[in-house]
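Numbering of residues begins at 1 and proceeds along the displayed sequence. Bear in mind the structure is a predicted one, so any value in this text is a computation, not a measurement.
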Amino acid sequence: MENPGLVVHGEAAPFSTALRSLVNNRLYSDVRFVVGQERQEVFAHRCLLTCRCNFFQRLLGQEPGPGVPSPVVLSTVPAEAFLAVLEFLYTNSVKLYRHSVLEVLTAAVEYGLEELRKLCLEFVAKVLDVELVCEALQVAVTFGLGPLQERCIAFIEAHSQEALRTRGFLELSAPALLPLLRSDKLCVDEAELVLAARSWARVGAAVLERPVAEVAAPVVRELRLALLAPAELSALEEQNRREPLIPVEQIVEAWKCHALRRGDAARGAPCRRRRGTLPREHHRFLDLPFK
């Protein structure tokens, strides 16, 4: 009886190098993409893409007709991220960069490339910093990446003041901002959170061309106004008259907590202290300490 054959392997590096040389190489290419807002032309090889990725199998499944095939337009993926995806498909490896890893991660999720998605998540965990964390949180919320969302929230809880000053914070969606405002572990005072929420709402209002109060509505309920001192609450009330941000009834509930000197007397007005809440005289009357 003949012995079963034995699979032997040649050197991986020359093989990978040879395939990498075909990435965006017009030689023998039979499919052409136009990618990103810059409409960059990218060349690829149909057989390799379709055998490596179900997304491209569905996209390129039809045999090209006679003549020069029309380009496949993928306008939502930046060229740099798309080339990284191709590099991974051709070589099963990829060089990632901090400034573009979230775009590569987004493409990996959209194209169903599970292994590339994991590689991107591992890389994000290594390079996560104040400037990147809010953008990473938005990607995590958009695509339901639970572990990444938890990591980002924990990072922001530890670096709250710095994170709230970033452009990424101002560009968060309401669903991404809500879990932050619900956290007891934010290292920031409530007065600063109110200012950050107002700045966030102003940016959203300008982008969406909607009133500030309308944009802010999904998130301002999570602000703990009862934590503010009476003078701060009065100043907020005056500013709210000039630029509506917070529902009047929410401010009234905060005043009730002050008047009754009971944190649990108005269940609709959260008054549980956060990790970064600065002490005020009236806090000793609140029944809900930080947990």
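In this structure, CD on Glu135 lies 8.0 Å from CZ on Arg167, to the nearest 0.5 angstrom. Here Leu177 contributes atom CG and Arg182 contributes atom CZ; the two are 10.0 Å apart, rounded to the nearest 0.5 Å.
A donor-acceptor pair under 3.5 Å links the side-chain atoms of Thr166 to the main chain of Ala163, judged by distance alone. Judged by distance alone, the side chain of Arg272 and the main-chain N or O of Arg224 form no donor-acceptor pair under 3.5 Å. Of the possible donor and acceptor atoms, none in the side chain of His159 sits under 3.5 Å from a partner among the backbone N and O of Asp129. Counting only distance, with no hydrogens or angles, the side chain of Asn24 and the backbone of Phe43 share a donor-acceptor pair below 3.5 Å. At least one donor-acceptor pair closer than 3.5 Å links the side chain of Gln37 to the backbone N or O of Ser75. In this structure, the side chain of Glu243 does not engage the main chain of Val212 through any donor-acceptor pair within 3.5 Å. Remark: side-chain polar atoms of Ser21 are paired, donor with acceptor, to backbone N or O of Ala18 under 3.5 angstrom. In this structure a side-chain-to-backbone donor-acceptor pair under 3.5 Å is missing from Arg151 to Leu128.
In the model, Gln138 has a side-chain atom that pairs as donor or acceptor with a side-chain atom of Ser173 under 3.5 Å.
Other residues, nucleotides and ligands contribute over 12 non-hydrogen atoms within 6.0 Å of the CZ atom of Arg117.
Salt-bridge annotation for Arg165 and Glu162: absent, with no side-chain N of the basic residue lying under 4.0 Å from a carboxylate O of the acidic one. Remark: Glu249 does not engage Lys256 in a salt bridge, criterion side-chain N to carboxylate O under 4.0 Å. Using a cutoff of 4.0 Å between basic side-chain nitrogens and carboxylate oxygens, Lys118 and Glu115 are not scored as salt-bridged.
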Side-chain donor-acceptor distances from residues 76-83 under 3.5 Å, at least two apart:
unit_1 : atom_1 : unit_2 : atom_2 : d
Glu80  : OE1    : His99  : NE2    : 3.2
Glu80  : OE2    : His99  : NE2    : 2.9
Glu80  : OE2    : Ser100 : OG     : 3.3

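Looking at Trp200 and Val219, their side chains come closer than 4.5 Å, going by heavy atoms from C-beta outward. The side-chain heavy atoms of Leu225 and Glu253, taken from C-beta on, include no pair separated by under 4.5 Å. Counting heavy atoms from C-beta outward, Leu102 and Leu132 have side chains that approach closer than 4.5 Å. Within the 4.5 Å cutoff, the side chain of Phe143 has no heavy atoms near those of the Leu105 side chain. Contact of the His283 side chain with the Leu227 side chain is registered, since non-hydrogen atoms from C-beta on lie closer than 4.5 Å.
Hydrophobic clustering places Val130 together with Val127 (ILVMFWY residues linked when any side-chain heavy atoms are closer than 4.5 Å, directly or through intermediates). Phe15 and Val23 fall within the same hydrophobic cluster, where Ile, Leu, Val, Met, Phe, Trp and Tyr residues are linked whenever their side-chain heavy atoms come under 4.5 Å apart, directly or through other members.
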